[in-house]
Structure formats: C-alpha cells, structure tokens
Asks: 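A single structure is presented below for examination.
Remember, it's a predicted structure, so these values are computed and weren't measured experimentally. Heads up: numbering here begins at 1 and tracks the sequence. Counting convention: from 1, in listed order, for ligands and their atoms alike.
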Amino acid sequence: MKIYYEDSLPYAAEFFAELGDSQVFSHKDVNAELVADADVLLVRSTTKVNAELLDANKGIQYVGTATAGTNHLDKAYLQSRGLGIHSAAGCNAVAVAEYVLSALFVMAEKLDWQLTDKTVGIVGAGHVGTRLSEKLTALGIQYCLCDPPLADAGDSRDFVTMDTIMQCDIISLHVPLVEGGQHNTAHMFDASRIAQLREDQLLINACRGEVIDNKALLASFVAGRELNIVLDVWENEPDIDQLLVPYIALATAHIAGHTVEGKARGTEMLYQQVCKQFGFDATKQLSDYLPSPQPSCINLDETLDGQALLSALVLSVYDIRKDSALFKSTIAQPDQFRYIRKNYSIRREFAALSVNTGNYLGSEAIYALGFNRK
Ligand SMILES: NC(=O)C1=CN([C@@H]2O[C@H](COP(=O)(O)OP(=O)(O)OC[C@H]3O[C@@H](n4cnc5c(N)ncnc54)[C@H](O)[C@@H]3O)[C@@H](O)[C@H]2O)C=CC1
Ligand SMILES: O=C(O)C(=O)[C@H](O)COP(=O)(O)O
C-alpha cells in the first residue's frame with residue numbers, strides 16, 4: 001500500500017511507516033503525477049484535493065485531512081470517486097479556544113475591560129465553539145451561542161440569533177466555510193454587518209478568512225472607523241491583503257490551531273481511520289511521541305489576583321502578542337505567510353502543564369480551564 005503524506009503532518013512517519021510504503025511531499029510541489037499511484041493520501045489544509053490532483057490516480061482508496069476544516073477538499077468530486085470525506089474533526093479545538101483566551105486577555109488589558117462584565121457571542125457551537133464556551137464558564141465569563149444547523153438538528157443547548165450575537169461585547173467566529181445554501185457562511189460579515197459593529201465591540205475570526213469580507217473591512221477602517229478586530233485567518237491566504245494588516249489589533253498567520261497536540265492529534269486521528277479502513281490494529285498512540293513540555297509545571301504569581309492572575313497564567317503559556325508582533329513586522333516580505341506557518345514555534349496546550357496553585361482560593365477555575373493539578 002502506498003501512503004503519501006504532506007510534510008506538515010507531525011509524526012506521520014512514526015504512525016504510518018509500518019502500514020505500507022510511505023512517502024512525504026510538500027504542498028508546494030504536489031501534483032497529479034506525484035500522487036498518481038497513491039492508495040492513501042494524507043493532507044492538511046494547504047493542499048487542494050480535486051479532479052486536477054486525483055483524476056490521473058485510478059486506485060486511490062482513502063483521502064484524509066489532518067485538519068478540522070474541509071473546504072480544501074472537493075467533496076462532490078471525492079464522492080463521485082466513491083471516496084469518503086475523512087477529517088480530524090475536533091483535533092485542534094482546544095488549541096483554538098486557548099488562542100481566543102489569549103486574545104481576550106490581551107484585548108481586555110488594552111481596552112480596560114473586566115471580562116466578567118462582558119458577554120461573548122460564539123458563532124458556531126461545534127468542537128471549537130463548545131471548548132471555548134467551557135473555558136469561558138471556567139473563567140466566569142458569560143457567553144451565548146448561535147448555531148442554526150445544530151439548533152435545527154435538535155441540540156438541547158440554548159441558541160440565539162445573529163441579531164443577538166451582534167449585541168454581544170465580543171464576537172468569536174467558529175463556523176466552517178460554507179459557500180451558498182441555507183447556512184452560508186461566506187461573507188457572513190459583509191459590508192452591512194461590518195457597518196453594524198460598534199467601536200466598543202471586539203470581533204475575533206479564527207475560523208476561515210472568507211467568513212469576513214476583508215475588502216469591506218478595510219474600507220471601513222479607511223473610512224475612519226476604529227474597530228477592534230483580531231484575525232488569525234484572512235481572505236486569499238497566503239496572498240492576503242497587506243493593507244488590512246496595520247488596522248488589525250492582533251494579527252496572526254492562521255496558527256490558532258497549531259499547538260503541538262492539535263497538529264499531532266490530527267495525524268493520530270487519520271492513523272486510526274486508515275487502520276480501521278484497511279483492517280490494521282491501531283497499536284500506536286500520540287502519547288508515544290509527544291515530548292514533555294519544558295518546564296512542565298507553572299507556579300502561580302500569588303502577588304496577583306482575579307483577572308490579572310488568570311491573564312498572567314494564560315499568557316505565560318501562550319502570548320498572542322508575540323505572534324502578532326512577528327506577523328506585523330515581517331508580513332510584507334515575500335512568502336512570509338507560508339514561512340511563519342511552516343516555522344511556527346512550539347506551543348503547548350494547558351492540559352500538557354500542571355499548575356502549583358499554592359494557597360490560591362480560585363484554583364478550581366484554573367483546573368477547569370484545563371491545567372493539571374500539581
Ligand atoms: N484557525 C485555525 O487554525 C483553525 C480553524 N478552524 C476552522 O474553524 C471551523 C470550526 O471548527 P470546528 O468547531 O472544529 O468545526 P465543527 O464542524 O465542529 O463546528 C462548526 C459549527 O458551525 C456550525 N455552523 C455551520 N454554519 C453555521 C452558520 N451559518 N451559523 C452558525 N453556525 C454555523 C455548525 O453547525 C457546527 O456546529 C473549521 O471548519 C475550520 O474552518 C478549525 C480549527 C483550527
Ligand atoms: O484544522 C483546521 O481547519 C485549520 O485551519 C488548521 O489549524 C490549519 O491547518 P493547516 O493549514 O496547518 O493544515
């Protein structure tokens with residue numbers, strides 16, 4: 001069995017070596033000829049899988065993406081070839097939720113906000129939206145959820161409309177990119193919705209760039225509006241509109257999901273799927289490969305309290321300001337969006353770390369955020 005995997009799948013060599021003849025490729029070089037004899041094709045979001053890539057391959061049996069989003073897969077084409085849509089749903093949901101928390105604490109400091117006085121409107125209550133809502137609960141921050149597809153499907157949680165979301169202090173977008181149909185998300189934030197945003201609100205997009213009309217957003221800034229926007233994702237990646245960057249409060253290169261665990265979990269999920277489809281025993285697991293974080297234990301700064309203490313803790317694990325500063329100061333260089341993503345430094349999830357809470361009375365909130373007890 002020939003297994004072809006993109007070089008951005010961590011631990012793919014370790015997971016897949018024994019299942020067949022495995023071969024690595026870069027998304028920059030991948031083409032129909034290269035994968036013409038693949039039985040199994042494993043990608044991440046930067047490889048478009050469509051007729052152009054796979055028509056020459058007559059024997060492909062499995063295509064999987066080690067990501068949550070699947071908009072880079074031509075689903076109609078894969079179905080026409082009798083291939084399922086295999087993804088790593090939820091693999092990086094915790095990573096994105098922790099990215100959003102870092103953004104919230106940084107923006108709260110900038111805007112002089114007490115986050116427990118604010119309400120977060122979460123659009124898309126799937127894996128990411130749910131993990132985010134759990135972490136907000138741990139922090140005592142109110143939220144509401146908008147997810148018409150889940151509401152229609154009978155999900156028992158309380159849902160609100162987009163009109164209610166537009167009244168929230170903070171809006172965080174976690175929908176898939178869906179172009180057209182009843183639940184279209186492409187340009188969900190179009191010119192008219194952007195015009196409704198108030199300057200005392202914060203909008204975070206860590207799902208897909210096309211969910212916000214970037215041209216309309218830029219026009220709004222150029223017209224003098226001082227909106228608070230955090231963007232991890234952009235229209236037309238990696239060739240994004242450079243003019244928009246200086247206006248964005250925190251700007252990053254589509255790395256919200258890029259924790260060590262989030263990326264590696266994606267590989268592990270595809271390994272489990274391939275084993276199941278081809279009748280192998282799945283004997284390997286992520287814990288066999290993940291390195292221990294250094295240091296693995298954090299001591300709380302007990303000179304702080306309340307939001308200041310939680311902010312210091314979260315930012316000590318992941319400080320979005322560093323990623324944003326690097327992005328803003330280098331993004332004008334050729335091919336920089338791709339470069340930052342490929343060379344992204346190691347970031348761990350809260351659950352990889354333990355916290356020594358000492359005499360701190362709010363320790364339960366810290367463990368509910370995902371940290372381990374020391
Ligand atoms: N920036 C990054 O690194 C990452 C980005 N993503 C993006 O975030 C998206 C969400 O990820 P997950 O939560 O794992 O996916 P998911 O599929 O678990 O959840 C998405 C939710 O959005 C809902 N939804 C669909 N259309 C909607 C609409 N019009 N209005 C409101 N809700 C709607 C769905 O019903 C679903 O519950 C992914 O599709 C992907 O595009 C995901 C992980 C990492
Ligand atoms: O899972 C998703 O969906 C994402 O957006 C990933 O975090 C980013 O995927 P890659 O571009 O690294 O494949």
Asks: Could you find the nearest protein heavy atom to atom 42 (C) of ligand 1 and give me its residue, atom name and distance?
Replies: Ala68 CB, 3.8 Å

Asks: Kindly state whether the ring of Phe15 and the ring of Tyr289 have centres lying under 6.0 angstrom apart.
Replies: yes

Asks: Please check if any side-chain donor atom of His254 sits under 3.5 Å from a side-chain acceptor atom of Glu237, or the reverse.
Replies: yes

Asks: Nearest heavy atom to atom 25 (C) of ligand 1 wins, so pick from Pro176, Gly69, Ala97.
Replies: Pro176

Asks: For the residue pair Phe221 and Tyr247, does the interplanar ring angle fall in the parallel (under 30°), tilted (30 to 60°) or perpendicular (over 60°) class?
Replies: parallel

Asks: Specify the protein heavy atom at minimum distance from atom 29 (N) of ligand 1: its residue, its atom name, and the distance to 0.1 Å.
Replies: His183 O, 3.3 Å

Asks: For ligand 2, which atoms have a heavy atom of Asn92 less than 4.0 angstrom away?
Replies: 1 (O), 2 (C), 6 (C), 7 (O)

Asks: Taking NZ in Lys276 as the centre, count heavy atoms belonging to other residues, nucleotides or ligands within less than 6.0 Å. Is the count above 12?
Replies: no

Asks: How long is the gap from OG on Ser22 to CD1 on Ile3, to the nearest 0.5 Å?
Replies: 6.0 Å

Asks: Could you tell me which non-hydrogen atom of Glu235 sits nearest to which non-hydrogen atom of Asn214, and how far apart they are?
Replies: OE1-N, 2.8 Å

Asks: Mind checking whether Met188 has a heavy atom under 4.0 Å from ligand 1?
Replies: yes

Asks: May I ask which of Pro149, Cys207, Gly129 has a heavy atom nearer to atom 8 (O) of ligand 1 than the others do?
Replies: Cys207

Asks: Answer yes or no for Thr130: is there a heavy-atom contact with ligand 1 below 4.0 Å?
Replies: no

Asks: In terms of side-chain heavy atoms, does Arg265 have a donor or acceptor partner in Asn92 at a distance below 3.5 Å?
Replies: no

Asks: Ligand 2 and Thr46, any nitrogen or oxygen pair closer than 3.5 angstrom?
Replies: no

Asks: Are any of the heavy atoms in Val96 under 4.0 Å away from ligand 1?
Replies: yes

Asks: If you measure from each heavy atom of Lys263 to ligand 2, is any distance below 4.0 Å?
Replies: no

Asks: I want to confirm something. Looking only at heavy atoms, which of Asn92, Thr67, Val123 is nearest to atom 43 (C) of ligand 1?
Replies: Asn92

Asks: If you group Ile, Leu, Val, Met, Phe, Trp and Tyr whenever their side-chain heavy atoms sit less than 4.5 Å apart, what else falls in with Val49?
Replies: Tyr4, Phe25, Val30, Leu34, Val35, Leu41, Val43, Leu53, Leu54, Ile60, Val63, Leu73, Tyr77, Leu78, Leu83, Ile85

Asks: Does atom 11 (O) of ligand 1 have a protein non-hydrogen atom under 4.0 Å from it?
Replies: yes

Asks: Which is closest to atom 14 (O) of ligand 1 in terms of heavy atoms, His127, His174, His258, Arg131?
Replies: His127

Asks: What is the ring orientation for Phe371 with Phe350, classed by angle as parallel under 30°, tilted 30 to 60°, or perpendicular over 60°?
Replies: parallel

Asks: Contact between Ala93 and ligand 1, counting heavy atoms under 4.0 Å?
Replies: no

Asks: Gly69 heavy atoms, cut-off 4.0 Å: which ligand 2 atoms fall inside?
Replies: 1 (O), 2 (C), 3 (O)

Asks: Is there a side-chain contact between Leu250 and Leu231, using heavy atoms and a 4.5 Å cut-off?
Replies: no

Asks: Would you say the ring centers of Phe327 and Trp234 fall short of 6.0 Å from each other?
Replies: yes

Asks: I need the minimum non-hydrogen distance between Leu202 and Trp113, along with the two atoms involved.
Replies: CB-CH2, 3.8 Å

Asks: Quick one: closest heavy-atom pair of Ala95 and Arg347, and the distance?
Replies: O-NH2, 2.8 Å

Asks: Could you tell me whether ligand 2 has any atom less than 4.0 Å away from a heavy atom of Glu6?
Replies: no

Asks: Tell me which protein heavy atom sits closest to atom 12 (O) of ligand 2, plus the residue, atom name and distance to 0.1 Å.
Replies: His258 NE2, 2.6 Å

Asks: Students should be able to answer this: which protein heavy-atom is nearest to atom 31 (C) of ligand 1, and at what distance?
Replies: Pro148 CD, 3.4 Å

Asks: Of the side chain and backbone of Thr67, name the one, both, or neither that has a heavy atom under 4.0 Å from an atom of ligand 2.
Replies: both

Asks: Select the closest option to atom 9 (O) of ligand 2 among His27, Arg44, Arg208, judged by heavy-atom distance.
Replies: Arg44

Asks: Contact between Ala89 and ligand 1, counting heavy atoms under 4.0 Å?
Replies: no

Asks: Under a 3.5 Å cutoff, is there a donor and acceptor pairing between the side chains of Thr252 and Tyr99?
Replies: yes

Asks: Taking only heavy atoms of Ala68, which atoms of ligand 2 are found under 4.0 Å from at least one of them?
Replies: 1 (O), 2 (C), 3 (O)

Asks: Evaluating non-hydrogen atoms only, which member of Val128, Val175, Thr70 is closest to atom 9 (C) of ligand 1?
Replies: Val175

Asks: Kindly confirm or rule out an N or O of Gly257 lying under 3.5 angstrom from an N or O of ligand 2.
Replies: no

Asks: Tell me which part of Asp147 gets within contact of ligand 1: side chain, backbone, both or neither, using heavy atoms under 4.0 Å.
Replies: both

